[in-house]
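Notes follow the structure.
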Amino acid sequence: MSNAMCTTRYFLTALRTLPVLAALFYLPGLAIAQDEGSDTTGTEKAETSIELVFTESNSHNKLLSATVKTKIEDAYQPVSGIEVHFYQTEVNPEQLLGIATSNKKGIAVLLVPEEKMDKSTPEYTFIAAVENNEQFEDNQEEISAAESDFEMTLETEDSVRMVHISLQAPDATGALAPVAEAEVHLYVQRMVGLLPISDDPETTDENGEVSAEFPGDIPGDEDGNLIIVAKVEDHERYGNLEFRRKVKWGVPLVIDPDRDRRQLWSSRANAPLYLIFIVNAMLIGIWGVIAYIVFNIFQIRKLGRQQAS
Amino acid sequence: MKTKKSESSGHFPDQSEAIGRDLMPKPFGLSGKIWVAVLSFVFLLGFFFYIQQLRFGLGITAMRDYSTWGIYIANFVFFVAISLVGSLISAILKLSGAKWRTPLTRISEMIAVSSIIFAALVIIVDMGRPDRFMNVILHARIQSPITWDVLVITTYLTISLLLLYLPLIPDLAFMRDRFSGIPAWQKKMYTFMALGWKGLPGQEKILRRAEQILAVLIIPVAFGIHTVTSWLFATTLRPGWDSSDFGPYFVSGAFMVGAGGVIAAMYIFRTHYSLEKYLTDKHFDYMGRLLVLLSLVYLYFNINEYFVPAYKMKGQEAEHLNALFYGRYAPLFWSVQIFGMVVPIIVLMFRRGRKPLPMFIIAIMVVVGAWFKRFLIVIPTLSHPYIPMDRVPESWQHYLPTFKEWSITAATLAGALLIVTLLTRLFPAIPMVETIEEANPEHKETEIA
């Protein structure tokens with residue numbers, strides 16, 4: 001009897017572990033292997049770091065991008081959902097360009113509204129600030145950038161495709177002057193990133209210009225369209241400059257007619273009908289027999305009850 | 001109560017009482033308690049590390065970009081393999097009319113059920129994001145062998161549970177009616193699970209028919225489960241896996257390790273519960289002969305699997321084979337082939353080798369060899385990809401499981417043994433009523449008439 005009770009105790013102890021096992025699988029917070037974002041509970045405000053980047057796109061769209069991070073367990077983690085205030089020249093409500101909220105990577109992006117910009121001088125100072133936040137201390141970061149004119153033109157000369165780029169900026173008199181020795185990177189937009197079309201960047205000459213031959217074997221969309229991207233990256237005076245242009249210089253994509261056919265290697269939605277039939281027929285056949293066996297179990301029970309009554 | 005007893009199972013003579021006493025599940029003695037405690041400790045230690053894995057991800061293992069499958073998957077293949085013993089003993093031997101299999105059926109089904117449960121759990125353990133497990137089912141791609149594996153494992157587990165449960169019903173009724181001095185919950189459990197079994201001709205007829213159907217059904221499903229498991233490897237273009245005979249190679253190896261597992265369990269139950277009358281030398285002798293046959297079949301497939309590519313020695317296959325034959329895996333490879341296959345075949349060919357103790361030692365060699373054989377199937381191939389390893393950290397080029405990984409793997413093995421142990425604590429490891437009926441066939445015939 002005592003041995004039996006002992007065994008019962010072991011069994012009950014084992015049973016008690018089951019809720020723990022169940023909790024592990026069903027509590028989503030516990031089952032996530034990597035932390036995302038930051039946890040900043042506590043009374044003291046946490047410090048942040050701000051990285052501010054200025055980008056001018058197609059010579060008129062000015063973008064400010066602030067990445068906000070905070071230190072957790074000796075590592076900087078992105079702060080998501082935090083409001084970043086963007087100013088021009090100084091932190092002052094009148095100079096406020098706009099407010100943006102950071103995404104899960106901690107990046108807040110503002111497309112600078114032209115009407116709010118002070119264009120009295122060709123050089124700007126932009127400020128990104130974290131202000132009056134309940135969890136984080138106030139912090140700000142500034143960046144300077146000068147007005148520039150970054151252009152890309154595309155030409156076909158004797159069947160050779162050429163990309164011409166010019167970079168100019170206002171001089172002391174306000175007239176546009178060429179910017180020499182600026183490094184220009186050329187890319188083609190692909191689905192998840194930019195494909196460089198040369199190993200080394202091109203450099204602008206004394207006229208602020210650079211020309212490069214564009215390869216003729218890059219796949220485009222079904223119509224042969226490509227998006228060519230020229231970039232001046234992290235220039236000490238002009239920041240990031242970018243010019244994008246769509247052109248039919250790509251090799252038209254020919255869709256494989258087999259892509260949408262039902263094949264073993266097709267997507268889930270295009271599984272071969274014979275396979276769907278075979279697998280389902282086997283499942284129905286085998287599980288039908290299992291259902292019949294379960295029915296038999298109930299029959300055994302029914303006979304037992306009839307006998308008892 | 002007395003009347004009920006005589007109605008349900010009172011047709012058995014006094015000898016049946018003795019058999020019932022011998023075979024009834026017994027409380028753990030001191031050694032049993034130590035055994036359960038050790039298994040529980042190993043299981044809990046591995047479980048603790050698994051919590052860490054949930055928290056920090058698969059980074060706690062040695063699996064990296066190249067060795068994406070480590071000992072977890074080797075262990076999974078081992079569990080699937082050993083689970084085939086259920087179909088071997090309960091189905092193949094039953095349908096071939098081997099009466100001597102009776103005392104082995106329950107043990108083999110218990111091993112099958114516990115193994116297949118842990119095979120399924122090990123797959124979850126191998127997942128970096130187990131909280132996304134349902135995606136495997138909700139977004140299943142029917143062309144993928146992984147989908148087929150999920151389907152066939154679920155099916156095989158269900159059939160194995162039924163094959164364990166159905167023959168147990170008469171025993172449950174026997175224990176319900178004859179056992180006294182057991183806790184009330186245990187009595188209630190037997191009563192509930194016995195389904196009002198009274199040994200009526202109608203009940204007998206339904207039960208025998210259901211067992212017969214399951215015995216037929218489980219054979220293709222058993223072949224299916226291990227063939228599909230082999231296809232997880234063989235349908236990929238990798239040295240060592242790119243083989244058309246992986247299906248029968250896996251299935252034959254599975255029957256071999258399954259037989260080894262059941263022999264080891266037979267010896268432990270025989271000595272621990274003094275079951276020499278029921279698990280006789282004859283049973284060991286027959287199982288020894290069966291194991292020799294299965295080992296020879298597996299040896300044949302091994303020769304095919306290694307000799308043909310070794311004759312050609314092409315490209316990455318050559319590198320893979322050289323690593324197995326002469327390289328860093330050679331000591332393990334030759335140990336597994338010699339001690340896990342060749343030595344058992346030689347020893348078991350002699351009558352003296354088929355005595356219980358030598359058989360037990362050989363069975364342990366077969367089972368341990370089989371586990372490392374799965375290691376050798378999974379790991380070396382991943383270390384020899386067709387695209388050369390270039391500009392990767394040195395540590396990614398080798399796979400040496402971490403202590404935590406070993407602990408989690410040991411926990412699954414301990415867990416499977418724990419299930420078998422607890423099942424034998426609650427249910428007879430040898431079918432009671434069937435043994436009684438075989439000992440008194442005339443009573444069985446009278447009852448049916």
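In the text below, chain A, chain B and the rest are named by the order of the sequence lines, each starting its count at 1. Computation of the quantities below employed the complete heavy-atom set of this structure, encompassing side-chain atoms and omitting hydrogens, waters and symmetry-equivalent molecules.
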| field | Pick from B:Arg132, B:Lys26, B:Gln203, B:Lys205 with the largest number of heavy-atom pairs that fall under 4.5 Å of chain A | value | B:Gln203
| Does the side-chain contact (heavy atoms from CB on, under 4.5 Å) test come out yes or no for A:Ile290 and B:Leu217, once each step is laid out? | CA-CA 9 Å; A:Ile290 291 172; B:Leu217 185 66; 4.2 Å; yes
| field | Residue among A:Val289, A:Val294, A:Leu283, A:Leu264 with most heavy-atom pairs under 4.5 Å to chain B | value | A:Leu264
| message | Would you say that B:Leu166 contacts A:Ile293 through its side chain, given a criterion of any heavy-atom pair below 4.5 Å between the two side chains? | response | yes
| request: Could you grab the distance from atom CZ of A:Arg305 to atom CG of B:Leu195, nearest 0.5 Å is fine? | output: 9.5 Å
| message | Under a 3.5 Å distance rule, please check whether B:Gln143 uses its side chain to pair with a backbone N or O of A:Ser266 as donor and acceptor. | response | yes
| field | Contacting moiety of A:Ile297, where chain B heavy atoms sit under 4.5 Å | value | both
| field | Over 12 non-hydrogen atoms of neighbours within 6.0 angstrom of CD in A:Glu51 | value | no
| Is there a side-chain contact (heavy atoms from CB on, under 4.5 Å) between A:Trp287 and B:Leu151 once you walk through the steps? | CA-CA 11 Å; A:Trp287 281 90; B:Leu151 294 174; over 6 Å; no
| field | Contacting moiety of A:Phe298, where chain B heavy atoms sit under 4.5 Å | value | neither
| Taking all non-hydrogen atoms of both residues, which atom of A:Trp265 and which atom of B:Arg141 are closest, and how far apart? | C-NH2, 3.4 Å
| message | Is any side-chain heavy atom of B:Ile206 closer than 4.5 Å to one of A:Leu303? | response | yes
| field | B:Tyr165 portion near chain A, given a 4.5 angstrom heavy-atom threshold | value | side chain
| query | Given that the side chain runs from C-beta out, which part of B:Ala140 has a heavy atom under 4.5 Å from chain A: side chain, backbone, both or neither? | reply | backbone
| said: Less than 4.5 Å apart, side chain to side chain, heavy atoms only: is that true for B:Thr147 and A:Val279? | reply: no
| field | Choice from B:Thr158, B:Val152, B:Leu162 maximising heavy atom contacts with chain A below 4.5 Å | value | B:Thr158
